[in-house]
*Asks:* 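Here's a structure for you.
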Amino acid sequence: MSRLAERPANPSVGKPDPHESAAGHVTGHALYTDDISTARTDALTAWPVQAPHAHARVTAIRTEAATAVPGVVRVLTAADVPGVNDAGEGGDEPLFPAEVMYYGHPVCWVLGETPEAARIGSNAVEVDYEELDSLITVADAVAAGSYQGNHRVSRRGDPESALDEAAHVFSGEIETHAQEHFYLETHAALAYVDESDQLYVQSSTQNPSEAQVIVAQVLGLSSHEVTVQSLRMGGGFGGKETQPHGLAAVAALGTTLTGRPVRLRLNRNQDITITGKRPGFRMSWKAGFDDAGKLVGLKATMTPDGGWSLDLMEPVLSRALCHIDNAYWIPNIEVDGRTVKTHKTSHTAFRGFGGPQGIFLIEDVFGSSAPALGIDPAELRRRNFYQPGHTTPYGQPVRDCERMPAIWSQLRQESDFAARSAEVESFNAAHPHTKRALAITPLKFGISFNQTSMNQAGALVLVYKDGSVLINHGGTEMGQGLHTKMLQVAATALGLPRTAVRLAPTRTDKVPNTSATSASTGADLNGGAVKNACDQIRDRMADVAAGMLGVEPADVDFSGGMVSASGASGSGASRSGASSASSASNRELTFADVAHEANAKRVQLHAAGYYRTEGLQWDPETWTGTPFKYFAYGAAAAEVEVDGFTGAYRTRRVDIVQDAGDSLSPMIDVGQIEGAFVQGAGWLTLEDMRWDTSDGPTRGRLLTQSASTYKLPSFSEMPSELNVTLFDEAREDGAIYGSKAVGEPPLMLAFSVREALRQAVAAFGPAGRKAELAHPATPEAVFWALEAARDAARQPATDTTTPNPTLTGG
Amino acid sequence: MDQNITLYVDGNRRPVTVDTRTTLLDALRDRLDVTSPKKGCDHGQCGACTVLLNGRRVTSCLVLAVAYDGADVTTAAGLGSDDELHPVQQAFLDRDGFQCGYCTPGQICSAVGMMEEAERGSPSHVSANLNDPVELTDEEIRERMSGNLCRCGAYVNIVAAIRQAADPEAEQIRQARAERQRNEPVLREDDAPTSYQVSVSGEEGR
């Protein structure tokens, strides 16, 4: 076992501890960015002036009327920018744009003594626009040839011949919609110049280092002149990976120009109309199967809607292309991906980061083809699982792929799948207007940033001479429990109870050059760095303790806050009157005793930790390599009931088995699994993001601007029963204390709900019909799908695509 | 127009001058630096700003402060302290009824208000009989809490937490049963270590 994965006896990791801020959360004492801002009564408020066009040239901005509003201090425009007028690292996101690129694009910002003054002031700014033609849908953009970023192709084998020779060939076209993050804490920043003349920005960001870079870039400063802190976020989900940084720069610019703290908090309408979302994808596919139901060839295209700037779309597309295989062996494949540029918000990271869209495609292939192949969908999926020795389309060996069938069979047993499938069948036979279905879907998700250089992290661990420990690391807390896990890692590495370790907020002046907390890598990367720092300190303290105990350093044991010779802990042998050397070696020291002695002996008690994921390699030109350290596996079984009169449905029961490695923190991980599943089910079945695609004056305006029109999962849509099991015997040798990432993968367990809905819809129609279902599968979409199924039942001859349908499931 | 009012926030007398258009939420957060109630949607749609106003739950972004001169306002911070939590707060902590924590103070105030409504026999949309005493089944809890959103999706654990706070004894029995089932070996024919399992079903679970 690797030293990274090995756990000492009685470790803090693996305990189902509550979240480190639990008491603060339940009382409301835990502070978020804007809670800090409210205490700064001297702060100005920043308010955007949002353009009422999807695409337009800004021909004039007149601010006189705004500055005449009582309480308005200043209007920030492009002319105020001392550095580079850009909110991103790619140079395509002007912060104060001369060209409006989406409806609601902020063209300038007003600073006021109060939010009220700033708001009134923003209404008084006069902006002249010259309207331009706009592209709102993917179809608009494709027709106009409006693309951005690289054109990528993932190819293996000879898909053309495979499709020519396949016994059964099916095709499909489907579009997934955007998904709004709707973190309950909207974007917020507070900027001021601190007592040491340092520009300080508190930002609700998943990537403080990039916030620092962008603030410095806009202000023409060096990074060491800017400190960014991210205390905690009220949800991130990827929406705070790049999007906060222009906002942080606006606040920072305001504070340098006025000498006053500047507070910026987007209200919900601003947040949802200004910031990017999970991109919608237009996808088409053609899949060939042999008579046994083995997928022999696949050709597909993926056209993500990137919105107005490239943002993270290239890595999102990479991840989509690298996840089209999900858990399945596809010998011959070509997937073509290219991002379009439209006049919408700049679409960005969202939990899963393209992975869900990639998996959507392949699950659409299996789900829609299974009835036409006459094979039970669960069986069809299982037959196509990766086998040992297989590689992904990009050439990475699928290590631990035998976990997939093990998880599958465990889930089938735990969910009583066979018996309940039979119950579903008899229920459906007895109920012409209500149909149930039970579906099971697998999951394989690659862990590491596709871009190898991002897979590194740092930490700073301080042991004080009283034995107390303060840790800093580069990851951010957004509710995923990263800080809790880092406390557990440090406590484990130093042999301390968790309560002996405290964690300081994430700041760029503690750990520099950090990667975003994203791609589910937070615990892997930062945990590696925290452990590395702790190991350095512990090794030095072991030398000191060895001298105190009269043993070799290798024989010093740190456990439960005590330091002792290996095997001597709690033995009571020191009372037995043995020699002085052995009585020393039988002594038990406290961690504080050793820390105090180390300091007296001039031994360093702090360390910078560093971790980089070994073994990664990626060539984006040939689309081959080993981009992922390991794969996380899982499966879910969902049962739904659909009402044939309305399309309304409910989820009766969901069972999940997820591979989280040897979990660092089981209660946190189970919460992540449940929450990710709920968010995935939201994306797949409820959340319907719409823009105005008409040619009217509000073309391009987001129509679903609040929770009243954008349906989020609520208590009402929860499954009546939800059972989550962590897969056991799951140690991952290449990750911190044998654990695996868990933030994103379970989101894709929600495909079980979509596939169950598809099967229930199909049950209203004739067997053997290709089963199609739109995204998102709202009750309305389900209704139209089951209407189509019922129509087919009325004209069976025209819609039956296989001569001998023997559908055994659904 | 400005108006002088006095609020009694978590037991503290807090005189404040507010514009008559100021919401209770803005008065609390921006004027009195009471940040336990959070601002999530500005529209009364998410419930993050829920407080108990004279003992009843309200979304504080939808009421005007000036209308409640002299009122008692209880936030989650006033229900308990970090060292001595309210039973509902303790239950949220025990059952992991949150992730990012942003909706949590509102969820907790809403739960406390809701439990009092149920105690009073106030029926909900899913109550079978308008005059029967209310039993806080999972269905009742879900319906009565439906005004509070949690984007992290901690709903199942929130329901479990409220169940625990509403009837600790019944929940203890349920937990013990789940624990026994958790300690039974799962599935593997060999002597593999057991899985960590959590059942959050409103029914008996597995």
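First the proteins, then the strands, lettered A, B, ... as listed; each starts at 1. Computed over heavy atoms, backbone and side chain alike; hydrogens, waters and symmetry mates excluded.
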*Asks:* After noting the C-alpha distance and the side-chain angles of A:D34 and B:K38, does the key distance pass the salt bridge (charged side-chain N to carboxylate O under 4.0 Å, His left out) rule?
*Replies:* CA-CA 9 Å; A:D34 202 54; B:K38 306 300 180 196; over 6 Å; no
*Asks:* A:Y710 and A:E687: side-chain donor and acceptor closer than 3.5 Å?
*Replies:*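 Side-chain D/A pair, A:Y710 to A:E687: present.
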*Asks:* Can you say whether A:R412 sits under 4.5 Å from chain B via the side chain, the backbone, both, or neither, judging by heavy atoms?
*Replies:*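 When you check distances to chain B, no heavy atom of A:R412 falls under 4.5 Å.
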*Asks:* Please report the shortest heavy-atom distance between B:R14 and B:V34, naming the atom on each side.
*Replies:*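 Between these two residues, the closest heavy atoms are NH1-CG2, 4.0 Å.
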*Asks:* Please verify the inter-ring angle class for A:H19 with B:F98; under 30° counts as parallel, over 60° as perpendicular, anything in between as tilted.
*Replies:*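 Perpendicular, since the angle between the ring planes exceeds 60°.
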*Asks:* With a 4.5 angstrom heavy-atom cut-off, is it the side chain or the backbone of A:P18 that approaches chain B, or both, or neither?
*Replies:*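 When you check distances to chain B, only side chain atoms of A:P18 fall under 4.5 Å.
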*Asks:* Is the closest side-chain donor-acceptor distance between B:T20 and B:Q3 under 3.5 Å?
*Replies:*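 No, no side-chain donor-acceptor pair sits under 3.5 Å.
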*Asks:* Quick check for you: among B:C100, B:C46, B:C150, which has the greatest number of heavy-atom pairs under 4.5 Å with chain A?
*Replies:*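 Ranked by contacts with chain A, first place is B:C100.
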*Asks:* Please verify the inter-ring angle class for A:F350 with A:F237; under 30° counts as parallel, over 60° as perpendicular, anything in between as tilted.
*Replies:*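 The rings of A:F350 and A:F237 lie parallel, inter-plane angle below 30°.
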*Asks:* Given that the side chain runs from C-beta out, which part of A:E180 has a heavy atom under 4.5 Å from chain B: side chain, backbone, both or neither?
*Replies:*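 Contact with chain B involves the backbone of A:E180 alone.
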*Asks:* Run the numbers on A:R403 and A:D659 for salt bridge (charged side-chain N to carboxylate O under 4.0 Å, His left out), then give the verdict.
*Replies:* CA-CA 8 Å; A:R403 285 189 188 182; A:D659 165 18; 3.1 Å; yes
*Asks:* Could you tell me which portion of A:Y183 (side chain, backbone, both or neither) has an atom closer than 4.5 angstrom to a non-hydrogen atom of chain B?
*Replies:*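 Looking at A:Y183, just its backbone touches chain B.
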*Asks:* Which atoms of A:D271 come close to chain B, meaning under 4.5 Å heavy atom to heavy atom: side chain ones, backbone ones, both, or neither?
*Replies:*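 Neither; nothing under 4.5 Å.
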*Asks:* Quick check on A:Q672 against chain B: is it the side chain, the backbone, both or neither that has a heavy atom closer than 4.5 Å?
*Replies:*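 Both parts, backbone and side chain.
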*Asks:* Measuring heavy-atom distances to chain B, does A:F677 have an atom under 4.5 Å in its side chain, in its backbone, in both, or in neither?
*Replies:*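 Neither part.
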*Asks:* For the interface with chain A, which of B:S146, B:P105, B:G40 has the highest count of heavy-atom pairs at distances below 4.5 Å?
*Replies:*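 Counting heavy-atom pairs under 4.5 Å, the top option is B:G40.
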*Asks:* Please state whether the side chain, the backbone, both or neither of A:V26 comes within less than 4.5 Å of a heavy atom of chain B.
*Replies:*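 Both backbone and side chain.
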*Asks:* Just wondering, are more than 12 heavy atoms of other shown residues or ligands nearer than 6.0 Å to CZ in B:R56?
*Replies:*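 For B:R56, atom CZ is not crowded (no more than 12 foreign heavy atoms under 6.0 Å).
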*Asks:* Quick one: of B:T75, B:L79, B:D19, B:I108, who has the most non-hydrogen atom pairs under 4.5 Å with chain A?
*Replies:*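 Winner by heavy-atom pair count: B:I108.
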*Asks:* Select one option (side chain, backbone, both, neither) describing which atoms of A:A30 are under 4.5 Å from chain B's heavy atoms.
*Replies:*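 A:A30 touches chain B through backbone heavy atoms alone.
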*Asks:* Does any heavy atom of chain A fall under 4.5 Å from the side chain of B:L93, the backbone, both, or neither of them?
*Replies:*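 Its backbone and side chain both get close to chain A.
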*Asks:* Report the distance from atom OG1 of A:T38 to atom CZ of B:R31, rounding to the nearest 0.5 Å.
*Replies:*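 Taking OG1 in A:T38 and CZ in B:R31, the distance rounds to 12.5 Å.
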